[in-house]
Amino acid sequence: MDISHILNDLNDKQREAVSAELTNLQILAGAGSGKTRVLVYRITWLIEVEKVSPFNLLAVTFTNKAAHEMHQRIEKMVGLIANNMWIGTFHSLAHRLLRAHFKEANLSQNFQVIDADDQYRLIKRIMRDAGLDEAKWSPKQAQWYINSQKDEGLRPKDSAENVYDEFTEVMLKIFQRYEEICQQSGLVDFSELLLRAFELWRDHPEICLHYRKRFKYILVDEFQDTNSLQYEWLKLLAGQESKIMIVGDDDQSIYSWRGARIDNMHSFIKDFPDTKIIKLEQNYRSTGTILKAANTLISHNNARLGKNLWTASQEGDPIAVYAAFNDIDEARFIADQIKQWQEQGNRLSECAILYRSNAQSRVLEDAFIQAGIPYRIYGGLRFFERAEIKDTLAYLRLISQITDDAAFERIINTPTRGIGLRTVDFLREQAKQTQQSLWATAKQVTHLQLLPARALSALSNFLNLIENLANAIQCLPLPEQVEHVIHQSGLYHHYQNEKGEKGRARLENLEELVTAAKQFEPEETIANSKLTAFLTHAALESGETQADSYSDCAQLMTLHSAKGLEFPLVFLAGMEEGLFPHQMCLEEANGLEEERRLCYVGMTRAMKKLYLCYAESRFLHGKEKSQRSSRFISELPPSCLAEIRMRTQISQPLSLKSKSATLVPIENEKYQIGQYVKHAKFGSGIIINREGSGAKARLQINFEQVGSKWLMTEYADLETL
DNA sequence: GACGCTCTCATTTTT
DNA sequence: TGAGAGCGTC
């Protein structure tokens with residue numbers, strides 16, 4: 001048999017991993033070492049060489065994007081038989097199991113998946129109902145508590161033993177009530193998907209055995225991101241017989257704040273004693289310099305599994321460090337560099353600006369607009385998270401499962417139809433007493449005429465509306481169901497009345513939803529109706545942030561969302577103590593190490609050229625703040641860095657207190673603070689403005705570029721104000 | 001029920 | 001600084 005097409009384009013280590021004997025495998029795959037390739041080729045190897053049926057394969061990822069990509073690449077290698085294997089995220093696989101075994105999992109057939117926002121609303125409502133002081137107990141906290149309990153595999157009854165303080169007591173109470181409501185309404189949140197799926201196997205060994213026999217080979221991507229529950233789930237599935245291959249990089253674990261446990265990588269070796277460990281250390285992405293710097297940085301972390309990336313590619317340019325005067329100057333500098341990059345004939349989409357927190361994007365955007373650089377920001381509201389979309393989906397949810405109280409509450413008065421808070425409160429109270437869904441309660445209340453006439457008529461109009469919608473769409477194909485609901489619910493009309501750009505965008509989104517329904521093809525009929533499948537799809541796969549723009553754009557995103565991507569030109573902006581590493585992380589145990597890993601992730605995104613930027617002072621929370629440059633910069637080998645030291649060079653010769661100086665170029669024109677000014681005769685400089693002692697000065701600064709550095713050659717005090 | 005005022009708060013985010 | 005939530009008023 002010819003196996004060259006599988007092995008030829010792999011290096012020794014990759015080949016070793018791909019063609020390893022049928023045992024448990026732990027692949028430590030450094031950044032840019034061909035991790036996905038190894039996974040895909042291993043699957044191909046199993047199918048073509050080891051003659052494993054795709055039916056016996058399970059591949060697990062964390063994001064839908066990764067799952068899709070893997071599926072496509074496998075299909076390219078082995079053809080359509082790839083469709084026989086299960087590939088998906090932990091959540092989508094768990095969901096699939098629960099649909100198949102809803103009875104054993106104690107769920108209703110039409111159970112709905114709710115996203116984090118739905119969950120938040122539900123919790124908030126519960127807390128209000130319970131009359132909890134919102135200043136003292138925040139819904140966010142409660143949400144975090146509930147999810148982290150579930151992520152540890154704990155139910156309220158498990159946590160009940162550990163109540164020692166008021167906080168836990170209150171949280172537990174909310175947790176309990178939350179569970180009751182979800183169970184009653186047939187709602188399943190993200191953590192619940194995993195926990196239920198776990199319990200399904202734990203409590204029904206026969207079902208577990210069935211899947212154990214089926215999935216003889218399990219492959220897990222980004223294993224360093226698994227939480228306790230996901231790992232337990234995998235262990236349960238693997239049992240003694242199945243073989244697991246995990247691929248991960250402990251140095252790129254940046255989600256511990258979300259429950260991910262790097263420890264799972266250590267545990268794996270203990271829990272699966274015959275595990276073979278293979279390290280992929282050859283990096284195909286970055287230059288030698290970037291890699292050397294990244295390696296040095298991450299070596300400051302303790303408790304690593306240990307691995308050192310190397311590359312056969314060239315040294316490349318040094319890493320440029322730019323000390324900006326302030327955030328505006330930083331943004332301007334980045335925009336300038338990007339402009340130059342573009343003028344050299346490169347594409348904008350090849351550069352990424354990475355930052356620690358979303359708030360940083362604003363100044364960058366301003367600078368890009370000014371410089372006329374098109375950009376794209378990742379993050380923000382995703383398609384299925386938009387209010388108008390969620391409203392429509394809530395109608396559909398309620399129709400497909402009438403017990404869905406969360407959906408009921410969302411739309412009972414959206415668009416407004418005269419059902420006020422009082423009516424809703426009354427319904428809630430009644431529902432609580434009778435242990436019924438809001439829908440059933442509302443039916444009863446209208447029947448028994450328990451409300452004032454006006455409220456009663458509004459309520460029964462609403463009930464009729466839902467019933468009519470349900471009848472009308474029963475036999476329609478999915479896209480028409482969606483369209484019908486959008487119009488007949490009054491939502492379309494409602495958003496039509498919203499003025500301005502916003503309203504138009506919303507209508508467009510609603511139309512887009514119909515299109516999405518048209519294009520929606522459920523992978524398999526796991527759900528009992530296409531509508532249910534579509535609703536789940538919407539919850540599990542919240543969609544892209546923006547419709548794909550094909551124009552050439554600079555890419556702005558947080559460091560977290562840059563994971564898994566690569567760019568020829570990368571800027572890390574805001575390399576300041578307190579911002580990166582973030583203040584809040586410094587207060588947590590092991591917080592600093594995770595920040596360092598985040599920096600490592602950021603640096604290793606860069607292929608050719610990397611810039612590290614920090615601002616001497618920055619506007620934050622409405623105040624100007626000065627921070628030292630990030631310790632991460634000082635942890636890098638100086639030989640890898642080239643500083644662009646404008647600020648230091650200026651401040652030294654200035655006899656004025658730098659905090660009270662205003663720099664402007666020669667002509668007395670209007671310039672913005674932070675603006676970079678070039679003057680034919682006097683060179684170039686940056687305008688800063690600091691309030692301090694009260695004294696202000698107007699200065700002219702001349703610069704000269706010497707090698708890769710900017711040096712101040714002379715300055716003149718033009719005028720003292 | 002819409003609008004506007006005030007208050008608070010401010011990492012990272014997939015599913 | 002500025003977004004979002006809550007609250008009071010018309």
Side-chain angles (χ1 to χ4, degrees), chain A residues 60-67 88-95 113-121 124 128 134-135 138-140 143-144 147 150-151 188-195 197 222 225-227 229-230 253-260 327 354-363 378-382 384-385 387 413-422 458 494 497-499 536-545 557-564 574 578-588 591 594-595 597-599 601-602 618-625:
Chain A
V60 193
T61 63
F62 272 85
T63 65
N64 293 301
K65 201 171 142 203
T89 62
F90 277 101
H91 293 86
S92 73
L93 296 169
H95 168 253
V113 180
I114 57 169
D115 67 12
D117 180 61
D118 297 326
Q119 184 187 40
Y120 177 79
R121 285 158 177 269
K124 202 154 98 173
R128 283 212 168 159
E134 278 192 52
S138 83
K140 274 264 162 286
Q143 187 177 26
W144 181 84
N147 288 334
K150 291 205 212 179
D151 285 345
V188 175
D189 63 42
F190 291 140
S191 318
E192 185 73 25
L193 282 169
L194 301 175
L195 183 50
E222 305 272 19
D225 287 338
T226 49
N227 63 30
L229 185 55
Q230 286 159 337
S253 163
I254 53 174
Y255 285 111
S256 74
W257 51 276
R258 213 162 67 182
D327 41 355
L354 311 181
Y355 37 81
R356 177 66 238 261
S357 75
N358 284 310
Q360 289 171 255
S361 72
R362 184 191 233 101
V363 194
Y378 287 73
L381 264 196
R382 295 154 146 258
F384 286 110
E385 289 167 1
N413 203 30
T414 314
T416 47
R417 48 173 70 88
I419 302 176
L421 258 182
R422 200 157 298 158
H494 173 72
N497 289 340
E498 194 172 340
K499 288 169 246 44
T536 306
H537 167 81
L540 282 181
E541 207 161 328
S542 37
E544 283 289 312
T545 311
M557 66 190 87
T558 63
L559 286 151
H560 281 90
S561 39
K563 194 168 127 198
L579 185 60
F580 189 35
H582 199 280
Q583 193 57 45
M584 284 181 160
C585 291
L586 297 173
E587 287 151 20
E588 286 165 27
E594 180 146 321
E595 293 287 284
R597 289 194 293 269
L598 191 56
C599 187
V601 167
R618 173 182 300 277
F619 239 78
L620 215 62
H621 306 327
K623 269 187 235 129
E624 192 164 10
K625 279 190 180 158

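With values rounded to the nearest 0.5 angstrom, A:S191 atom OG is found 6.0 Å from A:H91 atom NE2.
Nearest nucleotide to the side chain of A:F619, out of C:dT1, B:dT11, B:dT13: C:dT1. The A:M584 side chain lies nearest to B:dT11 when the options are B:dT11, B:dT15, C:dG6. Comparing C:dA3, B:dT15, B:dT14 against the side chain of A:A116 picks out B:dT15 as the nearest. Checking C:dA3, B:dT12, B:dT15 against every side-chain atom of A:R362, the shortest atom distance belongs to C:dA3. For A:N358, the listed nucleotide lying nearest its side chain is B:dT13; candidates were B:dT14, B:dT13, C:dT1. You'll find that the side chain of A:E588 is closest to B:dT11, out of B:dT11, B:dA2, B:dT14. Comparing C:dA5, B:dT13, B:dT15 by their closest approach to the side chain of A:R382 singles out B:dT15.
Residue A:R417 has no polar side-chain atom (N or O) positioned under 4.0 Å from OP1 or OP2 of B:dG1. Contact check, A:K124 against C:dG6: a side-chain N or O comes under 4.0 Å of OP1 or OP2. A:R597 has no side-chain polar atom (N or O) that falls below the 4.0 Å cut-off from OP1 or OP2 of B:dT12. Here A:T558 does not reach the OP1 or OP2 of B:dT11: none of its side-chain N or O atoms lies under 4.0 Å away.
For the pair A:N147/A:Q119, a side-chain contact is recorded, criterion being any heavy-atom separation below 4.5 Å from C-beta on. No side-chain heavy atom of A:E594 sits under 4.5 Å from any side-chain heavy atom of A:C585. Between A:H560 and A:Y255, some side-chain heavy-atom pair lies under the 4.5 Å cut-off. Here the side chains of A:T226 and A:F62 are in contact, with some heavy-atom distance below 4.5 Å. A 4.5 Å side-chain heavy-atom check between A:L598 and A:R356 finds at least one atom pair inside the cut-off.
Between the CD atom of A:Q143 and the P atom of B:dT13 there is a distance of 15 Å, rounded to whole Å. The nearest whole Å value for the distance from the CG atom in A:L559 to the C1' atom in B:dT12 is 9 Å. Here the C1' atom of nucleotide C:dA3 and the CD atom of A:Q360 are 17 Å apart, to the nearest Å. A:F384 places its CZ atom 14 Å from the C1' atom of B:dT15, with the value rounded to the nearest Å. Distance A:H621 NE2 to B:dC9 P: 12 Å, rounded to the nearest Å. The separation between A:L598 atom CG and B:dT11 atom C1' is 10 Å, rounded to whole Å. Here the C1' atom of nucleotide B:dT14 and the NZ atom of A:K150 are 16 Å apart, to the nearest Å. Rounded to whole angstrom, the span from the CD atom of A:E594 across to the P atom of B:dT12 amounts to 14 Å.
With centroids closer than 5.5 Å and planes inclined by less than 30 degrees as the test, A:F90 and the base of B:dT15 fail to qualify as a stacked pair. Here A:H91 does not lie in a stacked arrangement on the base of B:dT15, lacking the combination of planes under 30° and ring centres under 5.5 Å apart.
Here A:D189 lies out of heavy-atom contact (under 4.0 Å) with every strand. If you check every strand for non-hydrogen atoms under 4.0 Å, A:G420 touches nothing. Using a 4.0 Å heavy-atom cutoff across all strands shown, A:R618 reaches no nucleic acid atom at all. Residue contacts shown for A:D225 are absent, as no nucleic acid heavy atom lies under 4.0 Å away.
With a 6.0 Å radius and a threshold of 12 heavy atoms from other residues, nucleotides or ligands, A:W144 has its CH2 atom at or below the threshold.
Distance check on atom P: C:dG4 versus B:dT13 gives 16 Å, rounded to whole Å. Between C:dA3 and B:dT14, the distance separating the two C1' atoms is 24 Å to the nearest Å.
Closest-nucleotide positions on DNA chain B for A:H560 and A:H494 were compared, and the one nearer the 5' end corresponds to A:H494.
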